[in-house]
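These numbers come from the heavy atoms of this one structure, side chains and all, not from hydrogens, waters or symmetry mates. These numbers come from a predicted model, not from an experiment.
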Amino acid sequence: MPCALCSAETETSAYAVTGGPEGATTEICETCAEQIAETTTPEHWRCLGSSMWSEDAATQVLAARLLRRLEDQDWARDLSEQLWLDEERQAWVENEIKETVHRDSNGVQLATGDTVVLIKDLPVKGGGFTAKRGTAVPRISLVPDNAEHIEGRVEGQRIVILTKYVKKR
């Protein structure tokens, strides 16, 4: 079966297109999957000029999202401007679920439940105290829509902390 995006006649696998109907997938090749994960060769995506007109909704939505990601390329911006989507598909394109990765000041990935240590004295707005450098903050929570914020308890109060001021313990 050819790749739904680049039409390469090679082995394909199902790729989940999130934010729309449950279980929506499209069949793509390994090269396209690698390029989606980390776009290193924008020229590879010139194939979107044909796949963006696919009758398969998942393929069309994925093509539209990739064109948006490549908006710094003139040819991709031109293709994106040509693409017309009905309201339902346009809403699906815009409902892309972006995975936020929270990292501490050293670039180490944080997870819910981790313990972090403050690397700077932080005045707590509305709390009337300063969270001191070296304070351990156990069982943090990640703010889902902002990779720069975490939440934790300091001196009994739940506060929002910028990830650039913590290091994972």
Between [X] and [Y], does any side-chain N to carboxylate O distance fall below 4.0 Å?
| X | Y | result |
| --- | --- | --- |
| Asp114 | Lys168 | yes |
| Arg68 | Glu94 | yes |
| Glu151 | Arg158 | yes |

Hey, is [atom1] on [X] packed in by over 12 heavy atoms from elsewhere, all under 6.0 Å?
| X | atom1 | value |
| --- | --- | --- |
| Gln90 | CD | yes |
| Glu11 | CD | no |
| Glu148 | CD | no |
| Glu81 | CD | yes |
| Arg169 | CZ | no |

- Task: Treating Ile, Leu, Val, Met, Phe, Trp and Tyr as nodes and any side-chain heavy-atom pair under 4.5 angstrom as an edge, say whether Tyr165 and Phe129 lie in one connected cluster.
- Result: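 Result: yes, single cluster for both.
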Taking all heavy atoms of [X] and all of [Y], pick out the closest pair and write down the distance.
| X | Y | value |
| --- | --- | --- |
| Thr26 | Ala4 | OG1-CB, 3.2 Å |
| Ile36 | Tyr15 | CG2-OH, 3.2 Å |
| Val154 | Ala131 | CG1-CB, 3.8 Å |
| Thr31 | His44 | CG2-CE1, 3.7 Å |
| Val124 | Gln157 | CG1-OE1, 4.4 Å |
| Ala58 | Val17 | O-CG2, 3.8 Å |

- Query: Would Glu27 and Thr12 count as having a side-chain donor-acceptor pair, cut-off 3.5 Å?
  - Reply: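 A pair is found: one side chain offers a donor N or O, the other an acceptor, under 3.5 Å apart.
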If you measure from [atom1] on [X] to [atom2] on [Y], what distance do you get to the nearest 0.5 Å?
| X | Y | atom1 | atom2 | result |
| --- | --- | --- | --- | --- |
| Leu48 | Leu83 | CG | CG | 10.0 Å |
| Asp104 | Ile140 | CG | CD1 | 9.0 Å |
| Gln60 | Ser51 | CD | OG | 9.5 Å |
| Met1 | Cys29 | CE | SG | 12.5 Å |
| Leu67 | Trp45 | CG | CH2 | 10.0 Å |
| Asn95 | Arg65 | CG | CZ | 7.0 Å |

Do [X] and [Y] have side-chain heavy atoms sitting under 4.5 Å apart?
| X | Y | result |
| --- | --- | --- |
| Val117 | Thr135 | no |
| Glu43 | Trp75 | yes |
| Val108 | Arg103 | no |
| Leu85 | Trp92 | no |
| His149 | Leu162 | yes |
| Thr130 | Leu122 | no |
| Met52 | Gln82 | yes |
| Ile150 | Val166 | yes |

- Any donor and acceptor pair, going by atom type alone, linking the side chain of Arg77 with main-chain N or O of Glu71 inside 3.5 Å?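 Yes; at least one donor-acceptor contact below 3.5 Å.
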- Mind running side-chain contact (heavy atoms from CB on, under 4.5 Å) on Thr41 and Gln35 for me, showing each step along the way? CA-CA 7 Å; Thr41 315; Gln35 288 292 312; 3.7 Å; yes
- Task: Could you walk me through whether Thr112 and Arg139 pass the side-chain hydrogen bond (donor to acceptor under 3.5 Å, both in side chains) test, one step at a time?
- Result: CA-CA 7 Å; Thr112 299; Arg139 299 183 311 276; over 6 Å; no
